[in-house]
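Just below is one structure, and these are the notes that go with it.
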Amino acid sequence: MLTRGREVALAGLSLLLLLWCEVCAIEVPLDPKIQQDLKQPPTIVKQSVKDYIVDPRDNIIIECEAKGNPVPTFSWLRNGRFFNVVKDPRVSMRRRSGTLEIGFRSGGQPEDYEGEYQCFASNEFGTALSNKILLRVSKSPLWPKEVLEPVVVSEGSQLILPCNPPPGLPPPHTFWMSSAMMPIVQDNRVSMGLNGDLYFSNVLAKDATTDYSCNARFLFTHTIQQKNPFTLKVLSKEPFNDTSGFNHTDLYSARGVPETPPTFMSPTGGFSSKMVLRGEQLLLECIAAGVPTPSIKWIKKGGELPMEKVRLDKFNKTLRIMSVSEEDSGEYNCMAINKIGSSRHSISVQVKAAPYWLDRPSNLVLAPEENGQLVCRASGNPKPSIQWLVNGEPIESAAPNPSRQVIGDTIIFRSVQMGNSEVYQCNASNEHGYLLANAFVSILDMAPRMLGPKNQLIKVMENNRTFLDCPFFGSPLPLLRWFKNGQGSGLDGGQYRVYINGTLEIKRVRQEDQGTYTCVANNIMGNAENQVHLEVKEPTQIVRAPEHQSVNRGSVARFDCRVNHDPTLPITVTWLKNDKPLYIGWRMKTDEDSLTINNVNEGDEGTYMCNVKTELEEHSASARLTVLEDETVSASNRSALHADRPEPPMDLELSDPSERSVRLTWIPGDDNNSPIRQFLVQYEEDQWEPGKWQDLSNYTGDLNSVILKLSPFVNYQFRVIAINAVGPSRPSHPSPPYRTTGAAPDAIPGGIQGMGSKKNNMEITWEPLKVTERNGPNLRYMVWWRRQDTSEEWKSITTKGLKHVVHDTETYKPYEIKVQAINDFGSGPESHIVIGYSGEDRPTEAPANLRVTNINSTKVNVHWTPVDPSSVLGEFKEYRVYYWRVSSLVKGLRVKQEKNTKGFSSTSPDPTGILTGLIPYSSYKMYMVVANNRYEGPRSNTVEFQTKEGLPAAPQYFKILHTRYRDNIYLEWGKPLEPNGILIGYTLKYHTVNGTDLGDMQVMNFHSNVTDFSLPLPDRFTHYKFYLSARTKVGAGEVYAQESPHSANEVVPTDVWVLTTVPTTPSTTTTTTATAQERKIWNLTVEPNSDYANVSWNHDFPPDSIEFFVEFTLDSDGSTKTVLVNQQPPIQLAGLIEGAKYRLRVYSYEQHSISSKSVTFQTSAAYTKDQVDIATQGWFIGLMCAVALLVLILLIVCFIKRSRGGKYPVRDKKDLPLDSVDQKEQDGSFDYRSDEDNKPLQGSQTSLDGNVKESDDSLVDYGEGGDGQFNEDGSFIGQYTVKKDKEETEGNESSEATSPVNAIYSLA
């Protein structure tokens, strides 16, 4: 019985909730004055994430920001206890904020501050709570020390190499490489599992050719730790060799590896289970062993795999679903198949869910005695429990509040009173997580306030619909009434209508409605009023509009534009021609109501528009001017002028009227000897654009009765224009007026879009309806919006504008938008739902692990770890790489460090891109950012790499010169500006050219230090075509082609060269006689050198027309060459002949007639190749041979004399070390050479000018007699000397060994 009574009570309470009046919540305007004076409880606006991992190298910042009035104060709990921030010298709290900053300059460890933190923001109206923030310090422990024995396994067996990375925080990213830092190539046979282990489905002998090391990359510290490598020994029956010619099946059988059916390595057995939370990533893995290598296939029991969500990775071994939902639960089967058999493994997937919001509680502002409710609904698996708190305390232990009643997930408030303001927390939790939301209930009493401008003046046109705004606020919600001129009762009803927001509508304003309107707002707290002054103006009309005219050339044309307007409104009349402002020249004259054109010519032809504008409205009317040839032009043209424009149509009649059409009939006028081709029907309406005739439709010339398609609520007049080959007729007289009935709009506003101009707003814009689509008066637009994928109700606003701004949005959230046109006859169709987005903010995360692979000469593969999509804070646009060339690997080559960018739009989990257009053999740096439509995020790590050698560019120049006697061709070239590697030489190919006959190709190769070549000519009329290219170890580069110059008596075509590039095909320069508009080239100066000249000149060409030809003529043979220059002077003109005389001029590329004066100059003399080379003359070669023979004889004689004990200077010997034979070099090698090998012959030394000088130590000093018997240390030296008289030596002043005569005797 009690149970039944409880059920009845709950049913009655549910009915009460259904009938509850949710009045109640007051919407507080964003007016700054209101916000400044409004007392409100605290609201948490910013806080750190729940699971907060910090870098131990940085200071710790725990965020907590809140707003409220008065400004909130902040306190913290740490591990459930009060955290006294003041007593800890390392902890500080930001001013007017709860954000904590923990620094370690004075000591301490970040690990000391790990724990659970919660922030409390309080003022006199309540307390708001942050989430519980679990603070943990990132850790990157080292691998444990271990000695790994070689792994021995038989060929064909399965193998698992364990990784077991150290438990970091967050967990590290693992990958396998060899000890040489080369990635382990993974395929369907060898792959890394989700746990980081390396799996071999079957081992081959080639797997022993490398070692295997597991690497762990820690994201926070940007460090990589490497495990000791595994060494693999494979026991095989056959020795390993290159088996690339076999397929996989042949490879196993050829090596005697037994074939085996599939078995599962991970997971093991036939069944396993997996639990995953809703919204997270589901990863299932199946790795199988067998010979041949099994293939993997996935099946979902009871249905097909949702391929739009499923992604298969690692050769189908991994199944990935990015964001799982409840429908992804079930049983997944993976099949391992090879030709021997198959195996199956079943994985039961269960999808659980942490709590997620269905209806999140929102702030509630109530006036005293009003009612309201807070609702907190959440879902999850298992179903979450709901707990209410008040100011951070459980609601059960809070002070009783008679106006509050808690019913499950709802709190009902009845007849609230001042002092009941509090902050409520809803905590929805289950075993997988929790949600915490703050929502305050603010009890507000405030006297009415006027929010609009005071004493506003509004001017309107007569007969229009008018709105007088009076925005206001108060609590309780005030009652607002309008009064006119301070008299009478409130205005409402009849032609007046008062909206709930305080706006007064006057449906059709008249002159008697002019006056002062007062709006008064009242509630129990008081009243407030404001005034609006309304002025009603007469409408502006063009009473005499311009008409189409056809006038003869040289005559006068006049267009009328007479206007009636309110005398109190200033008016501006402007004329346009072909929709552009008309320049009033000396032939034109304007006055108040007309435009006159004197001496009309063909340039005056066009459409002229009279535009009339006041501060309230704008009108325009247009007419076309056609200029005819004068009949006196020529006798031959008179016959052609017999035909003329047709006469205007007559007697326009309307019949068959209907809601949106009418029949128009007319009588055509005389065609004036030229058949009428078509009729143009125009209309004029007096409501939207009175006085303006507009085209309605065209009809063929054989019709004179047509059905006109019309728009609703338009008062039409029609006229018809006949058109023949000569031109249009004058318009017909207007038809009688015809008015269509009004209707709701038929059209849907176009161009609907929503985008944010700031990170916390969204601007909704659309295109207006055309005038003929309005279908009635007072057109406005109803705009609807709501957050996508939420249970949020549609919000709407009505506006006459073309834009509405939604404020206080979250950053880059999707919204559903629709727009509807409305007039006084009803609402038009709603638009389709358009998805718009709120504003974007700067991305917060940088791409990680930026790296490059597959580096060649001009491109690299770029890899990176993508950012979390939620960190982009906007629409993902691209990953943007910034890269620049740091230096060339060629020594001494300078480069410009220009920064370049390239974008990659890949959104895959393992993104990659190709960076092309690089310069070979160069050092590059690059970094990456993620970009949305407005901002770029932080930079990634900077990567340095070096491109490989490539093909070199063409030689810098290639000159071909004749020698003086025309018996040789001398070739000279310069090194490429971009060698793109280490130059190893040049390749020269050439063949003879005789008209169209080509000789055999000859090929010559030169070393890199050779930059010239001389080729003998069989006769002076032989021509050669040369092809020169530089070489690196990669190959030959770009070819520079040149043809040998012609003789002086041959016809020489003009060669067009491009500076420092490969010459183009010879062509003949063509001059033109077109005159330029006061352009010129002057002050041409030339500064010649031996083989080049610096050329400069002045010009007055615009920046986009700076292409010139530099033409120079060689005086000796009259040959002329032309260089195309597309840069500002000065320039350097290369490839000139030394000591030659030239004539030079500069002329425009676009207008050849604009040229400078010619300048004559001569290059400086230099060594010319046609001079006689003394080194090639016979007499000089013979003389040099004789000198060389004589020197050789002298050397032999000296050697013999010394071997017989000839005198030599002891002074030199005493300075030598005792062990000269065994001297050791610095690099550890030994030098066994005697010091004597590096000394000149004793008794003489060579001076700088090449003459032989007498030795400072002659043999005389060591002869017999005198005081020369002992050396410096007292030893006797007589035993070292030859018995010879000192007098003979003095008479000779030389030793015997140096005499050529004595040398001959010694040989005898």
Side-chain angles (χ1 to χ4, degrees), residues 954-966 968-977 1011-1014 1026 1028 1040 1042-1048 1052-1064 1066 1069 1071 1080-1101 1106-1149 1152 1154-1173:
Q956 183 177 359
Y957 62 87
F958 185 18
K959 296 189 293 187
I960 304 175
L961 305 173
H962 279 297
T963 58
R964 177 174 299 175
Y965 300 103
R966 300 281 176 177
N968 282 278
I969 290 181
Y970 177 72
L971 311 180
E972 188 178 48
W973 58 88
K975 292 184 177 181
L977 292 176
T1011 57
D1012 58 5
F1013 173 64
S1014 182
F1026 296 93
L1028 178 67
Y1040 199 143
Q1042 264 287 38
E1043 190 170 337
S1044 60
H1046 297 261
S1047 301
V1052 182
T1054 300
D1055 292 335
V1056 178
W1057 289 0
V1058 179
L1059 284 177
T1060 67
T1061 62
V1062 180
T1064 60
T1069 303
T1071 59
K1080 61 180 180 176
I1081 303 172
W1082 74 97
N1083 197 24
L1084 175 63
T1085 59
V1086 181
E1087 297 178 0
N1089 285 277
S1090 59
D1091 60 351
Y1092 69 92
N1094 294 323
V1095 183
S1096 64
W1097 63 92
N1098 293 342
H1099 67 86
D1100 57 1
F1101 284 81
I1106 57 169
E1107 290 187 304
F1108 301 94
F1109 278 125
V1110 176
E1111 179 187 273
F1112 55 101
T1113 304
L1114 182 62
D1115 273 5
S1116 61
D1117 60 3
S1119 59
T1120 300
K1121 296 183 182 297
T1122 306
V1123 177
L1124 177 61
V1125 179
N1126 52 10
Q1127 66 183 49
Q1128 292 284 4
I1131 65 161
Q1132 188 177 93
L1133 188 63
L1136 303 180
I1137 301 174
E1138 299 92 339
K1141 192 174 183 180
Y1142 289 90
R1143 293 192 314 276
L1144 182 144
R1145 74 182 181 103
V1146 178
Y1147 61 90
S1148 169
Y1149 172 79
H1152 294 182
I1154 303 178
S1155 172
S1156 69
K1157 295 181 180 180
S1158 295
V1159 173
T1160 301
F1161 68 94
Q1162 184 171 0
T1163 56
S1164 57
Y1167 171 74
T1168 57
K1169 300 300 179 181
D1170 54 355
Q1171 291 179 346
V1172 176
D1173 193 343

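What's counted below: heavy atoms across the whole structure, side chains too, no hydrogens, waters or symmetry copies. Keep in mind it's a predicted model, so treat the numbers as computed, not measured.
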Problem set entry | Pairwise distance NZ(K1080) to OG(S1156) - rounded to 0.5 angstrom |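 Answer rounded to 0.5 Å: 13.0 Å.
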
For this session: Taking atom CD of Q1162 as the centre, report whether more than 12 heavy atoms of other residues, nucleotides or ligands fall under 6.0 Å from it.
Result: yes

For this session: Please report the closest heavy-atom contact between R1143 and T1160, naming both atoms and the distance.
Result: CG-OG1, 3.8 Å

For this session: Only counting residues at least two apart or in another chain, list the ones meeting ring pair (Phe, Tyr, Trp, His ring centres under 6.0 Å) with F1026.
Result: Y990, Y1024

Could I get the full list of side-chain contact (heavy atoms from CB on, under 4.5 Å) partners for [X], not counting sequence neighbours?
X: N1098; result: W1082, N1083
X: Q1128; result: H1099, I1106
X: T1163; result: L1136, A1140, Y1142, F1161

For this session: Applying side chain to side chain donor-acceptor pair (under 3.5 Å), name anything that partners S1096, two or more places apart in sequence or on another chain.
Result: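 S1096 satisfies side chain to side chain donor-acceptor pair (under 3.5 Å) with T1085 only.
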
For this session: Kindly write out the residues that satisfy side chain to side chain donor-acceptor pair (under 3.5 Å) with S1155, not counting sequence neighbours, or none if the list is empty.
Result: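 Testing S1155 for side chain to side chain donor-acceptor pair (under 3.5 Å), a comparison that skips the adjacent residues, returns R1145.
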
Problem set entry | Chi angles and distances behind the side chain to side chain contact (heavy atoms under 4.5 Å, CB included) call for L1133, V1086 | CA-CA 10 Å; L1133 188 63; V1086 181; over 6 Å; no

Are side-chain heavy atoms of [X] and [Y] found at a separation under 4.5 Å?
X: L971; Y: W973; result: yes
X: P955; Y: Y1040; result: yes
X: V1125; Y: V1146; result: no
X: K959; Y: D1091; result: yes
X: N968; Y: S1014; result: yes
X: Y1147; Y: I1154; result: no

For this session: Give the ring-plane orientation class for F1108 versus F1101, where under 30° counts as parallel, over 60° as perpendicular and anything between as tilted.
Result: perpendicular

For this session: Determine yes or no for a side-chain-to-main-chain donor-acceptor pair under 3.5 angstrom, with D1012 supplying the side chain and Y970 the backbone.
Result: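 Side chain of D1012 to backbone of Y970: no pair is present.
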
Problem set entry | Side-chain H-bond candidate by donor/acceptor type, T1113 with T1120, under 3.5 Å | yes

